[in-house]
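Residue numbers start from 1 in every chain, and the chains themselves are labelled A, B, ... in the order their sequence lines are given, proteins ahead of strands. Predicted, not measured: the structure shown is a model, and the values here were computed from it.
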Amino acid sequence: MPELPEAETIVRDLRARIPGGTVTRVSVARPDVLHTGLTAAALGRRLRGRTVTGVSRRGKNVVIEFDAGLRLIINLGMTGRVVTSDASRAGELRHIAVSLHLRDGRAILYDDARRFGDLDLRDEAGWSARDAELGVEPLSDAFTADLLHSLSRMSTSPIRNWLLDQKRIAGVGNIYAIEALFRAGIRPTRRARTLRRRETIALRDELRNVLRESINSRGTTISDYRDASGEPGAFVRSLRVYDRQGEPCIECGTLIKRVVLSNRSAFYCPSCQK
DNA sequence: AACGCGCCCTGTCCGC
DNA sequence: TGCGGACAGGGCGCGT
C-alpha cells in the first residue's frame, strides 16, 4: 500500500506528536514483522528508556529517531499503519503487531493485517548502510532528468517495473509509477532504455507533481492506508488511470486498459500513452 | 548481474 | 448464504 506520499503523511503527523516521548515498554504481538535477526526481547531492551528525538522518511520508510543515534525503520509493506493511541480511531485497529508505550501514557501502535511490513532497529552505522542501499529521493534536487535518463539507459525492463526498484528511485510504488507514466504520455510497457530525452524530462516532472499533489491530499487510500490518526487519505479521487480499466480516459475518452507486468497490474490509456 | 517469478499473509469482492 | 478464485499500495529469495 503505502508509497512515499503515505509515508510522508505519517511522518508529518508523528513529528507533531511524539518527539520528546520516552519509551517505557515495548510489546510485540506479532514477531514476524520484526526484521530478520531482531527479536522482541532485543527490541524492548534497546528501546526502553530511549527518547524520540525526531521522525523522518527515506523512500517509503518511516524512521523514528531516538537518542544515542538509534533508529526504528518502519517499512509498511501493503497494510502497515502507524497510529498513536490517543487518536480517536485507534480503537479501530484490528491487527496491532507492535506497541511502543510512552511515559506520558500514550503508545505508538504498529498495525498490519497482512504482516508484510518490517520493523528494523539500527544504530548510526547500521542506518548509513541501509540508507546507502536506497536510491535517489524523487523530491530532492538530486533527482534530475539527466539522472533519470542516464540511469535508465542500460535497462530493457518495462519502465513501470524499472520505476519500482527502490535501489534506483526510493519511494515510488505502483500507483504513482502508473499515474506519472499517464501524465507523461508513456506506456508502462515501454522498455526503460527506449525513453527519449524529452520523455525522461516529462517523467521526472510528473513523478514529482503526482507525489507532491498526493502529499497535499494526505495520500491515497484504496482500502487499508491510514494516517497517524487512523484517517484515510483523499488522493484516490485524483487518480486518473490507476484501477480504472474499462473507464473512459479523462483526456480523450478511450477506454483505459489493464495489463499485467511482473504479476502486478498496470493501467494506461492506449491513445494518450505511446 | 540484472531480470522475472513465486511467495509471504489476510481481507474483500465477484461469479456461480 | 457459501465457496473458490482473483486481487491488493511491497519486497525478499531464488533461479536463469
Original post:
Given side chains that start at C-beta, do those of A/T79 and A/F116 come closer than 4.5 Å, heavy atoms only?
Top reply: no

**OP:** Would you indicate which nucleotide in C/dA8, B/dG4, C/dG11 comes nearest to any side-chain atom of A/Q166?
**Re:** C/dG11

Subject >> Side-chain H-bond candidate by donor/acceptor type, A/T84 with A/D86, under 3.5 Å >> reply: yes

**OP:** In whole angstrom, give me the gap between the P atoms of B/dC9 and C/dC14.
**Re:** 16 Å

Original post:
Would a 4.5 Å heavy-atom cut-off, applied to side chains only, mark A/V236 and A/Y225 as touching?
Top reply: no

Original post:
For A/H35 and C/dG11, what is the distance between atoms NE2 and P respectively, to the nearest whole Å?
Top reply: 13 Å

Original post:
Are A/V241 and A/E179 side-chain neighbours, meaning at least one heavy-atom pair lies under 4.5 Å?
Top reply: yes

**OP:** With pairs defined as Watson-Crick or G-U wobble and both distances under 3.5 angstrom, please note down DNA chain B as a dot-bracket string, | for pairing with another strand.
**Re:** .|||||||.|||||||

Subject >> Nucleotide of C/dA8, C/dG9, B/dG4 approaching A/S262 most closely (side-chain heavy atoms) >> reply: B/dG4

Subject >> Length of the line joining A/M78:CE and B/dC7:P, which is rounded to integer Å >> reply: 16 Å

Original post:
Given atom CD1 of A/I175 and atom C1' of C/dG10, what is their separation to the nearest angstrom?
Top reply: 12 Å

Subject >> Under 3.5 Å donor-acceptor pair, A/S157 side-chain atoms to B/dG4 base atoms >> reply: no

Subject >> Atom pair distance, as rounded to whole Å: CG in A/N161 and P in B/dG4 >> reply: 5 Å

Original post:
In whole angstroms, how far is the P atom of B/dG6 from the CZ atom of A/R264?
Top reply: 14 Å

Subject >> All side chain to side chain donor-acceptor pair (under 3.5 Å) counterparts of A/E251, not counting sequence neighbours >> reply: none

**OP:** Would you tell me whether A/N161 and A/R264 have side-chain atoms, one donor and one acceptor, within less than 3.5 Å of each other?
**Re:** no

Original post:
Roughly how far apart, to the nearest Å, are C/dG9 and B/dC3 at atom C1'?
Top reply: 22 Å

**OP:** Give the B/S/- string for nucleotides 9-16 of chain B, one per nucleotide from 5' to 3', where a protein heavy atom under 4.0 Å of the base yields B, of only the sugar-phosphate yields S, and otherwise -.
**Re:** BBS-----

**OP:** From the options A/R71, A/R50, A/R46, select the one residue that forms a side-chain contact (heavy atoms from CB on, under 4.5 Å) with A/F66.
**Re:** A/R50

Original post:
Separation of A/L164 atom CG from C/dC12 atom P, in whole Å?
Top reply: 13 Å

Subject >> Most 5' of A/N263 and A/T156 on DNA chain B, judged by nearest nucleotide >> reply: A/T156

**OP:** Treat each ILVMFWY residue as a node, draw an edge where side-chain heavy atoms are under 4.5 Å apart, and state whether A/L134 and A/L163 are in one component.
**Re:** no

**OP:** Ignoring the backbone of A/T220, work out which of C/dC7, C/dG9, B/dG4 is nearest its side chain.
**Re:** C/dG9

Original post:
For the pair made of CZ in A/R81 and C1' in C/dG10, what is the distance, rounded to whole Å?
Top reply: 16 Å

Subject >> Value in whole Å for how far the P atom of B/dC8 lies from CG of A/D112 >> reply: 16 Å

Original post:
With a 4.0 Å cut-off, would you call A/R89 and A/E92 a salt bridge?
Top reply: yes

Original post:
So what does A/S265 hit on the nucleic acid, given a heavy-atom distance under 4.0 Å: a base, only sugar-phosphate, or nothing?
Top reply: sugar-phosphate

Original post:
Do the side-chain N or O atoms of A/K60 get closer than 4.0 angstrom to the phosphate oxygens (OP1, OP2) of C/dG11?
Top reply: yes

